[in-house]
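Worksheet: the structure to be examined is printed underneath.
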Amino acid sequence: MMILASLFIILGIGLDITQFVILPDTEEGSPVTIFSIFYMLAGMFIMQCSMLLGMSQMVLTSPKKRKIFFTYPVVLTVLMNLCMYGIGVVIRVIGIQKTPELTNVMGYTLLFAGGFTLLIGIVNGLTYKYYWASFIPFLIIWVLGYYLLGNPMELEHNQMGTRVLEVIGKWSFTERAWIGFAMCLVGNVLLIFFTRLVYRAPISQYIFR
């Protein structure tokens, strides 16, 4: 899990830097893939590691079971998520210096990353206990959200995107970055809330499968 998380971080950051700093694409209508979601997912692997420890009888009978399952992984996940979001901001600030015409797009991708972390925070807090009840709504929301709003250069081509642009079009890069951070923070708060809320529920067998 840690190797997989490391690969996601390296791949996501590498592609993000390539897209916004090394080889920025300024052609109108060119697709912008939100590579930041790769490394924003890294925190999720920490929670997965802790849940897989549930297969160990040594852990299940440990007096520190609660901390091993929820306190340590949740704290590490929150720190990882905030750290990864900060890296995303730094990459875009550097990119703006080189390609200022992509400032709006870069600010939008931070909103997208923040919203994604908010959604993942809810799922991460519930999925290990109520797998299908959390995964199916997440999948539907993610597919619809990415289809409607996933490409900031194509927002004006659909009705939902036009409405979004009316709201966020007036925001500066700094405002978008802070709002994205706020969503990231809320996602982490919800992660803490839901993990504590469903603490006593049994771990879903689908997680191990």
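What's counted below: heavy atoms across the whole structure, side chains too, no hydrogens, waters or symmetry copies. The first residue in the sequence is number 1, and the count goes up from there.
- With rounding to the nearest 0.5 angstrom, the CD1 atom of Ile122 is 12.5 Å from the OG1 atom of Thr127.
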Legend entry - Verdict with reasoning, Met40 to Ile120, per side-chain contact (heavy atoms from CB on, under 4.5 Å): CA-CA 9 Å; Met40 293 305 292; Ile120 281 292; over 6 Å; no
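- In the hydrophobic clustering of this structure, Ile17 does not group with Ile10; members are Ile, Leu, Val, Met, Phe, Trp, Tyr whose side-chain heavy atoms approach within less than 4.5 Å, directly or through other members.
- Applying the side chain to side chain contact (heavy atoms under 4.5 Å, CB included) test to Val189 and every residue at least two apart in sequence or in another chain returns nothing.
- Between the side chain of Thr103 and the backbone N or O of Pro100, at least one donor-acceptor pair lies under 3.5 Å.
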Legend entry - Ile94/Val90 under side-chain contact (heavy atoms from CB on, under 4.5 Å): CA gap, chis, key distance, verdict: CA-CA 6 Å; Ile94 295 172; Val90 170; 4.0 Å; yes
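- Taking a 4.5 Å side-chain heavy-atom cut-off between Ile, Leu, Val, Met, Phe, Trp and Tyr, the cluster of Ile3 extends to Leu7.
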Side-chain donor-acceptor contacts of residues 178-186 below 3.5 Å, not counting sequence neighbours, with atom names and distances?
none

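- A centroid separation of 6.0 Å or more is found between the aromatic rings of Tyr39 and Phe8.
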Atom pairs and distances, side-chain donor-acceptor, residues 71-80, under 3.5 Å, sequence neighbours left out:
unit_1: Thr77; atom_1: OG1; unit_2: Gly43; atom_2: O; d: 3.2
unit_1: Thr77; atom_1: OG1; unit_2: Pro73; atom_2: O; d: 2.6

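- Without hydrogens or angle criteria, Lys129 side chain to Pro202 main chain gives no donor-acceptor distance under 3.5 Å.
- Using a distance-only test at 3.5 Å, with no hydrogens or angles considered, no donor-acceptor pair links the side chain of Thr99 to the main chain of Leu102.
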Legend entry - Derivation and outcome, side-chain contact (heavy atoms from CB on, under 4.5 Å), residues Ile46 and Met2: CA-CA 8 Å; Ile46 298 173; Met2 289 298 97; 4.2 Å; yes
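- For residues 75-99, every residue pair satisfying the salt bridge (Lys or Arg N to Asp or Glu O under 4.0 Å) rule, not counting sequence neighbours, is listed here: Asp16-Arg92.
- Residues forming a side chain to side chain contact (heavy atoms under 4.5 Å, CB included) with Phe193 (at least two apart in sequence, or on another chain): Leu197.
- Rounding to the nearest 0.5 Å places CZ of Phe45 at 10.5 Å from CG of Asn124.
- Looking at Ser62, its side chain never comes within 3.5 Å of a backbone N or O of Met58 through a donor-acceptor pair.
- By the 30° and 60° cut-offs, the orientation of the rings of Tyr108 relative to Phe112 is tilted.
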